[in-house]
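Any value given below was found using the heavy atoms of this structure, including those in side chains, with hydrogens, waters and symmetry copies removed.
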Amino acid sequence: MDAAAQLQANLDAIRTRIDAACHAAGRHPGGVRLLAVTKTVDAGRLRLAHALGLRQFGENKVQEALAKSESLADLPDLRWVLIGHLQTNKAKYAARFAGEFQALDSLRVAQALDAQLQKQGRALDVLVQVNTSGEASKFGLAPGEVPAFVRELPAFSSLRVRGLMTLALFSDDTARVRPCFVRLRELRERLRQDAPQGIAMDELSMGMSGDFELAIAEGATTVRVGTGIFGSRPTPDSAYWPDSANAGGVTPA
Ligand SMILES: *Cc1c(COP(=O)(O)O)cnc(C)c1O
């Protein structure tokens, strides 16, 4: 199979699994957004992905994403979604091209992004990243910190808050993974009851190649799928995550 046919086959398989998971959960597949995670995937393969209809690319690192966005600047309808931890000194790059940022977990970053967005006359959809697994190595706010954090966000008028994002525990044991997704959903329900004016709490970005069916069962509105679409990555995930236990570039199935 050539590269385009392989990509098409992978994508078809993922969409079939998403549809099946939605069906099993009594949900409409239109309620689940597929975010293609494109870290380590080069611009040439992203062109193929675009030709197959993918329009939203999730990237962990700002520089990597910015370089690809420049290579693909001739494709007008792409949305770049940043899903990795952002350092405040990179906010100005993110503000230039990103349409969405899913890893907001500090007021310093909110402040830096908002200031840069104001300068550029842009706005950004944001999700608050929550550490639902309790692992010290993961970024994100503890669930208990989120309500107070969210109450501060209306101060940053260029940030359009849409909901929550999490990375579940990496495990084959669904009995340990599922509670992470349940925690995120329950937190959203609580936040919806007293969300400040202008703060939306609709999005739940949760589930990756190895666990998205479970996430859909628990209410995911966005699933972030990398290896399931593009195959295994050449670079170990420790280059992208602060979690060296997951090094090796292989995503647990
Ligand atoms: C890499 C990554 C994914 C996708 O992981 P796969 O296992 O390749 O599907 C999803 N979310 C985040 C935050 C990531 O860094």
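Between the R188 side chain and the L164 main chain, no donor and acceptor come within less than 3.5 Å of each other. Formation of a donor-acceptor pair under 3.5 Å by the R233 side chain with backbone atoms of T40 is not found in this model. Put simply, the side chain of D114 never gets that close to the backbone of Q111: no donor and acceptor are under 3.5 Å apart. No donor-acceptor pair closer than 3.5 Å links the side chain of R176 to the backbone N or O of S171. K61 places no side-chain N or O within donor-acceptor distance of the main-chain N or O of K39, the cut-off being under 3.5 Å.
The distance from the CG atom of L48 to the CG atom of L11 is 11.5 Å, given to the nearest 0.5 Å. Interatomic distance, H85 NE2 to D105 CG, rounded to the nearest 0.5 Å: 6.0 Å. Considering CE of M206 and OG1 of T166, their distance stands at 8.5 Å, rounded to 0.5 Å. Between atom OG1 of residue T227 and atom CD1 of residue I14 there is a gap of 8.0 Å, rounded to the nearest 0.5 Å. Distance check: L117 CG to R160 CZ gives 9.5 Å after rounding to the nearest 0.5 Å. Atoms CG and CZ, from D237 and F170 in turn, are 7.0 Å apart once rounded to the nearest 0.5 Å.
A 4.5 Å side-chain heavy-atom check between R55 and H50 finds at least one atom pair inside the cut-off. Side-chain contact between L82 and F97 is present, with at least one heavy-atom pair separated by less than 4.5 Å. V128 has its side chain out of reach of L191: every pair of non-hydrogen atoms, C-beta onward, lies at least 4.5 Å apart. I83 has its side chain within reach of L35: a pair of non-hydrogen atoms, C-beta onward, lies under 4.5 Å apart. V161 has its side chain out of reach of F156: every pair of non-hydrogen atoms, C-beta onward, lies at least 4.5 Å apart. Using a 4.5 Å heavy-atom cutoff, the side chains of L153 and L104 are in contact.
Closest non-hydrogen pair, D19 versus P29, comes out as OD1-CB, 3.4 Å. In terms of heavy atoms, P196 sits closest to P154 at CB-CG, 3.7 Å. Heavy atoms only, all atoms of each residue included: T174 and P179 are closest at O-CD, 4.2 Å. Nearest heavy-atom pair, A217 versus A25, reported as atom, atom and distance to 0.1 Å: CA-CB, 4.1 Å. Nearest heavy-atom pair, K92 versus Q120, reported as atom, atom and distance to 0.1 Å: O-NE2, 3.5 Å. Scanning all heavy atoms of the two residues, the minimum distance from A168 to D211 falls at CB-OD2, 4.0 Å.
Hydrophobic clustering (ILVMFWY, side-chain heavy atoms < 4.5 Å, transitive): F230 and I18 are in one cluster. Both L107 and L86 are assigned to one and the same hydrophobic cluster, defined by single-linkage of ILVMFWY side chains at heavy-atom distances under 4.5 Å. Residue L72 is grouped with residue L66 when hydrophobic side chains (ILVMFWY) are merged at heavy-atom distances under 4.5 angstrom, including chains of intermediate members. There is a path of hydrophobic side-chain contacts, each under 4.5 Å, that joins I199 to L204. Under the 4.5 Å side-chain heavy-atom criterion for grouping Ile, Leu, Val, Met, Phe, Trp and Tyr, V223 is connected to L184 within one hydrophobic cluster.
Residues passing the side-chain hydrogen bond (donor to acceptor under 3.5 Å, both in side chains) test with N131, sequence neighbours excluded: S133. Residues satisfying the ring-ring contact (aromatic ring centres under 6.0 Å, His included) test with F212, not counting sequence neighbours, are none. Partners of R178 by salt bridge (charged side-chain N to carboxylate O under 4.0 Å, His left out), not counting sequence neighbours, listed by chain and number: E218. In terms of the side-chain hydrogen bond (donor to acceptor under 3.5 Å, both in side chains) criterion, residue partners of R47 (sequence neighbours excluded) are, by chain and number, D74. For E145, there are no salt bridge (charged side-chain N to carboxylate O under 4.0 Å, His left out) partners at least two apart in sequence or on another chain. A search for side chain to side chain contact (heavy atoms under 4.5 Å, CB included) contacts involving T88 returns R108, V109, A112, not counting sequence neighbours. In terms of the salt bridge (charged side-chain N to carboxylate O under 4.0 Å, His left out) criterion, residue partners of E70 (sequence neighbours excluded) are, by chain and number, R96. E203 pairs by the side chain to side chain contact (heavy atoms under 4.5 Å, CB included) definition with R33, L127, R162, T221, T222, not counting sequence neighbours. Taking R79 as the reference, E100, D125 meet the salt bridge (charged side-chain N to carboxylate O under 4.0 Å, His left out) condition, with sequence neighbours excluded. T38 meets the side-chain hydrogen bond (donor to acceptor under 3.5 Å, both in side chains) test with E59; sequence neighbours excluded. Listed by chain and residue number, nothing satisfies the side-chain hydrogen bond (donor to acceptor under 3.5 Å, both in side chains) test with R45 (two or more places apart in sequence, or in another chain). Every residue meeting the side chain to side chain contact (heavy atoms under 4.5 Å, CB included) condition with D194, not counting sequence neighbours, appears here in chain and number order: R151.
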Inset, instruction - For Q118 and S157, run side-chain hydrogen bond (donor to acceptor under 3.5 Å, both in side chains): C-alpha distance rounded to whole Å, both residues' side-chain angles, the deciding distance at 0.1 Å, then the answer. - result: CA-CA 8 Å; Q118 302 268 355; S157 59; 3.0 Å; yes
Inset, instruction - Could you go through the side-chain contact (heavy atoms from CB on, under 4.5 Å) check for M208 and V37 one step at a time? - result: CA-CA 9 Å; M208 319 193 332; V37 175; over 6 Å; no
Inset, instruction - Quick one: do R192 and D202 satisfy salt bridge (charged side-chain N to carboxylate O under 4.0 Å, His left out)? Show the steps, please. - result: CA-CA 8 Å; R192 272 179 164 168; D202 297 320; 3.1 Å; yes
Inset, instruction - Go through the steps for M201 and V150 under the test side-chain contact (heavy atoms from CB on, under 4.5 Å), then give the verdict. - result: CA-CA 10 Å; M201 273 294 149; V150 165; 4.0 Å; yes
Inset, instruction - Check step by step if side-chain contact (heavy atoms from CB on, under 4.5 Å) holds for S158 and L113. - result: CA-CA 8 Å; S158 299; L113 272 174; over 6 Å; no
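The neighbour count for Y93 OH, taken as heavy atoms of other residues, nucleotides or ligands under 6.0 Å away, does not exceed 12.
Between F57 and W80, the ring planes are perpendicular. Angles over 60° get that label, and only those under 30° would be called parallel.
Counted by atom type alone, Q129 and S205 present zero donor-acceptor pairs between their side chains at under 3.5 Å.
Between E64 and K68 a salt bridge is recorded (basic side-chain N to carboxylate O distance below 4.0 Å).
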